[in-house]
Colleague: 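Please read through the structure below; I'll follow up with questions.
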Amino acid sequence: MVEAILINGLVLGGMYAILAVGFALVFGVAKILNMAHTAFYMVGAFLILIMTIMLGFPSLPSIVLAIAIMGITGSVIYKLFLDRVKEHPVAVMIISVGVAILFQEVLLIGFGGHFRGIDPFVRGFVEIAGIRATYQQVIAIATSLVALVAIRLLLSKTRVGNAIRAVAEDREIANVMGIDVSRMCVITMGISAVLATVAGAVVAPIFMVHPLMWMHPLTIVLAAVVLGGLGSIKGSILGAFILGFAETAVVFLVPMGAFLRGAVGLSVMVVVLLLRPEGLFGVVFEEERL
Amino acid sequence: MAAPFLEVENLCKHFGELRAVDGASFHVSHDEMVGLIGPNGAGKTTLMRLITGILKPTSGTVRFKGEDITGQDTAKIVNKGIAPTFQVVKPFRHLPVAANVMVSCLCPRAKRRGDWVKTVELRARDALEFCGIADLALEPASVVSHGDLKRLEVARAIATEPELLLLDEPFGGLSPAETELVGKFLRRLHRGGRFGRLHSEGPAMVIVEHKLSDLMKIVDRVIVLSFGQIIAEGTPDEVVRNKEVIEAYIGKEVSSLVS
Amino acid sequence: MGSYLYQLYRGFQGEILAVPGRVIALIFVTLLFLLPLIIPHPIVLKIFSLAAIFAIFAASWDLLSGFTGQLNLGQALFFGVSAYSAALLNIHLGVPPWATIPIGAIAGVIAGLLVGIPALRLRGFYLALVTLAFPIILIGVIFVFPDITGGELGLFGVDRLSGSRVLDYYIILLVATASILVMWKLTDGRSKIVRTGVILHAIREDEITARASGINTVRYKLMVFSISGFFAGVAGGLYVHYIRIAGPSILELFFSFQPIIWTIFGGIVTIYGAVAGVFILYPLVELVRLHPVGETYRFVLMVLILIVVLLFMPQGITRWVRDHIEEICPRCKLINIRTRRYCRACRAPLHAEK
Amino acid sequence: MYLEIKDLTVLYDRAMVLNGVSLTVGKGEFVSLVGPNGAGKTTLLRAIAGLVKWEKDTLKGTRAGRITLEGSVKFDGEEVTNLPAHEIVRRGLILCPERGRPFREMTVLDNLRAGAFGCKDKKVVKENLERVYHLFPRLKERENQISGTLSGGERFMLTIGRAMMSQPKLFMIDEPSVGLAPKVKEDLFARVKEIYEQGSTILMTEQDVSFAFDLAGRNYVISKGHLVGEGTAEDLLADESLRKTYLGL
């Protein structure tokens with residue numbers, strides 16, 4: 001039981017972490033509460049489903065292709081729908097909800113509301129220190145870690161990463177420093193969509209794929225980002241793992257757990273926020289608070 | 001003897017390692033205009049914010065008319081009769097100038113029984129007129145120039161009918177002519193203002209300012225703050241001659257001030 | 001007497017007929033009241049009854065999130081709490097609708113305070129996410145006690161509001177009109193009678209300054225939370241007695257997003273924008289649904305309209321329309337119809353001369 | 001002329017902020033722009049740097065976005081009026097904004113690196129960094145400190161250093177002395193002078209007339225969106241009416 005919680009918690013937490021990082025990045029840089037973020041994850045998973053099962057492509061190339069397609073889609077959606085109205089935060093939020101519903105409806109029309117499975121990319125399992133895990137789970141955990149490290153390096157070491165952080169801090173000044181703000185937003189949106197697809201790719205064979213699968217992760221990702229403190233990538237990751245473990249524990253330990261998984265994760269968030277209103281790693285400038 | 005008007009005792013505020021205000025003690029009596037000066041980052045603004053409860057002090061006490069108001073809610077403190085203005089103007093940008101002041105007129109302290117919207121508006125106009133910006137009453141605050149916004153801040157503060165006015169850089173960014181004007185009306189307000197509980201005498205004031213020459217003309221007493229600590233206190237003349245003050249703050253400008 | 005009537009007429013002319021936005025609102029409300037006479041079709045009546053209920057709901061969201069800037073992503077909580085308490089009282093204790101709806105509204109107020117108290121410590125998106133959590137947590141609670149709450153299936157067989165559809169429609173429409181008028185007046189910054197409007201605007205713009213002006217923002221925020229909870233509760237009570245089922249779907253994420261979508265579509269911080277948004281989007285989607293093809297594509301259609309409208313009118317449809325038919329006099333700030341060249345009161349030129 | 005501005009007019013909604021301003025800056029000159037607050041100094045610099053246009057574009061569709069921008073800005077013989085702000089920077093026209101405004105959650109070094117965004121050559125970046133550190137040794141000491149925790153003077157040093165990283169040909173400094181204590185002010189102006197003496201062209205706005213006149217070779221006086229005077233410090237001070245009405249001396 002404990003092993004199962006550990007492994008599943010890591011898988012789930014890793015997935016949420018990748019999603020949360022992408023979400024936090026877009027929020028920080030483009031100041032967009034992108035409700036369509038987990039819809040990218042869903043569409044990414046569906047693309048892999050289409051390519052591997054319907055078209056019979058091998059899994060690795062289909063994943064790469066799906067990631068590329070989604071990266072471009074993310075950028076295009078930003079350019080088409082969000083860039084024009086970026087000074088109206090609520091309108092942007094509602095448009096992104098609209099985009100998510102649009103994806104959901106198109107998938108519903110195309111695939112119906114069934115649950116579909118994707119074959120694992122690798123079968124079998126390993127035993128590490130007496131804990132059994134399928135290869136797929138190990139791959140999922142490893143991929144999450146790699147993705148998280150990669151994004152961290154990208155942000156702190158590269159020229160573009162530095163520019164992205166600068167835009168996140170102060171757009172106007174970034175602009176005067178010669179950084180093209182809207183190009184940075186497009187790039188960030190692309191990176192975030194890529195991350196979402198990575199998350200979709202690693203867990204698609206573990207969980208079922210269906211056109212409503214974006215809703216639940218969305219609430220958890222929002223909760224994770226806020227739990228960690230808005231704007232803090234580190235915090236989002238920690239928040240995601242906390243919620244991932246909380247959810248797994250509930251599903252395994254409580255009889256009606258599956259119904260409660262959303263409620264428990266969010267309760268954790270509410271309690272933490274009541275104790276620490278700025279989230280775990282949020283920065284407060286005291287003079288700006290009341 | 002009645003309890004002193006405003007008493008600040010050993011007030012401290014630490015932001016992590018930084019000691020923004022470090023054991024400041026002073027008092028202000030009800031018929032004084034006090035200047036608060038000091039180099040940048042000395043903690044003047046922080047001190048003001050501690051008094052008005054926008055920030056909570058790490059330790060120390062603030063007493064107003066004998067009552068301990070340390071760390072109370074800002075709105076409560078304002079309703080006891082201390083009105084702050086801000087260094088960086090923060091008007092309600094989308095509201096008309098008159099409505100900005102109306103908000104103050106609606107606070108429990110300034111509200112009268114059976115008041116209705118018309119009379120409140122008139123009182124708001126009164127405050128605006130006193131500050132000389134009544135002609136802008138209908139304009140939204142977002143189109144008003146910086147200098148007028150500074151005056152709007154003061155109008156907003158006096159509309160709560162304070163007994164003590166805390167002004168944070170009221171001359172900041174004003175032209176010389178405007179500075180003189182504002183200085184004059186502050187003086188007028190202090191002497192026999194209409195905007196106080198006691199109509200015979202105006203509110204006491206604490207003014208934080210960088211423009212020393214203009215400040216020195218209007219205040220009775222000056223307190224000098226450096227690195228969170230009070231290093232000197234006295235009449236303007238005394239302070240500008242104080243060696244420590246010159247070293248820490250005034251620099252070579254002193255000659256021009258004394259003359 | 002005659003002169004008094006004349007004055008009343010002049011007031012009506014000056015305050016309503018001269019302002020195109022208000023003329024449109026007047027025509028619209030009149031049409032709504034005449035609807036059962038024009039199109040007595042039961043489905044149309046049902047759609048417009050529900051639209052009126054949702055109009056209260058959306059307006060209550062606008063009151064809270066638009067006017068005080070407390071972004072609430074969980075407005076469904078107030079609606080759901082009220083709907084469930086009305087349904088429970090009605091089914092288990094047999095309390096009639098005229099009593100359950102006010103009780104439901106009070107439950108909404110309590111829910112509002114329950115969310116409002118943590119809201120005092122939180123701001124911006126932190127608050128938004130905490131509010132988003134509450135309805136989802138409540139769903140969890142509902143699933144844990146299926147015997148009382150009906151679990152996943154919900155509660156069936158709630159009493160009807162009244163005997164006939166037409167009567168239902170008029171009850172709902174009257175309650176909706178009254179609620180919306182109250183909310184509108186409460187939030188009107190230019191109102192000559194109520195002062196809360198100015199204060200709410202002030203709190204939204206800058207809370208610290210509002211406090212420095214001596215306004216107890218805590219009290220006003222809690223007040224707004226409870227008022228918003230009250231009206232969302234009224235909507236919830238009406239809803240449950242109208243469609244006679246209370247299911248967990250009214251607490252889901254999508255249901256919380258609906259009032260936001262309508263309000264943003266219509267125009268936030270206006271109240272009437274929220275109402276307009278509901279009355280445009282909701283009947284459209286439901287009417288399209290009547291057609292077999294529309295059934296599948298209705299949400300796609302709705303979303304496309306939503307996105308296109310917001311791309312070109314990011315502040316919402318009513319504000320866009322208002323900016324194109326009305327012009328505020330630069331001198332006396334009176335609203336004029338755009339076609340006028342000089343202000344109707346002070347004769348100042350309305351349009352900047354080139 | 002190096003920088004040439006003709007009939008620049010900016011209207012925010014209906015409020016006239018700049019009204020037909022024309023001015024020039026020659027290569028290697030130090031020009032100051034003085035005037036009371038609200039005169040339009042900051043807006044003028046923002047308009048030159050392309051920020052007014054940027055603001056107009058991003059706020060399109062809101063009331064705040066009703067900005068009219070007319071006139072022409074020529075830099076180094078090239079029309080830059082309608083270029084986006086980041087393109088203008090690439091041509092060497094850099095604005096150092098009011099009140100410093102560093103990227104406050106980033107370290108000092110990252111701030112400087114962000115300034116060097118336009119420069120892809122790592123060697124050049126390194127040289128520039130050395131130059132900035134040489135000028136402001138304080139920044140080197142604080143290299144890894146989060147810039148939000150710097151003091152007011154250090155913050156401004158950082159922003160000047162950051163602007164220098166993008167290899168300016170013409171340096172626009174907006175009100176360097178706002179909110180600084182007299183002592184810090186003196187130090188800061190000494191540094192600005194040093195930068196100028198190293199061969200930069202500088203256009204600086206300032207409220208503290210005495211400092212501005214000390215430094216600059218030529219001055220413009222601006223009031224309510226109009227230029228009301230131009231010349232050397234002596235010329236301007238000699239004009240009695242100008243001195244009384246606009247300079248308050």
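Letters A, B, ... are given to chains in the order of the sequence lines, protein chains preceding strands, and every chain is numbered from 1.
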Colleague: Mind checking the CG-SG spacing from C:Asn216 to B:Cys107? Nearest 0.5 Å is all I need.
Modeller: 10.5 Å

Colleague: Give a yes or no on whether the backbone of B:Phe92 and the side-chain of C:Asp206 come within a donor-acceptor separation of less than 3.5 Å.
Modeller: no

Colleague: Rounded to the nearest 0.5 Å, what separation is found between the CD1 atom of C:Ile199 and the CG atom of B:Leu106?
Modeller: 4.5 Å

Colleague: Would you say that more than 12 heavy atoms from the other residues, nucleotides or ligands in this model lie under 6.0 Å from the OH of C:Tyr9, or not?
Modeller: no

Colleague: Please classify the contact of B:Arg93 with chain C as side chain, backbone, both or neither, using a heavy-atom distance under 4.5 Å.
Modeller: both

Colleague: Please report the closest heavy-atom contact between C:Gly214 and B:Pro108, naming both atoms and the distance.
Modeller: O-CD, 3.4 Å

Colleague: Counting only heavy atoms closer than 4.5 Å, note whether B:Ala83 contacts chain C via side chain, backbone, both or neither.
Modeller: neither

Colleague: To the nearest 0.5 Å, what is the distance between CZ on B:Arg109 and OG on C:Ser213?
Modeller: 13.5 Å

Colleague: Is any side-chain heavy atom of B:His94 closer than 4.5 Å to one of C:His201?
Modeller: no

Colleague: So for B:Pro140, is it side chain, backbone, both, or neither that comes closer than 4.5 Å to the heavy atoms of chain C?
Modeller: side chain

Colleague: Just wondering, do C:Arg211 and B:Asp73 contact through their side chains at under 4.5 Å, heavy atoms?
Modeller: yes

Colleague: Any chance you could measure C:Ile215, atom CD1, to B:Asn79, atom CG, to the nearest 0.5 Å?
Modeller: 8.0 Å

Colleague: How far apart are the closest heavy atoms of C:Val198 and B:Val103, and which atoms are they?
Modeller: CG1-CG2, 3.5 Å

Colleague: Testing the basics here: between B:Lys90 and C:Thr209, what is the closest heavy-atom pair and its distance to 0.1 Å?
Modeller: O-OG1, 2.9 Å

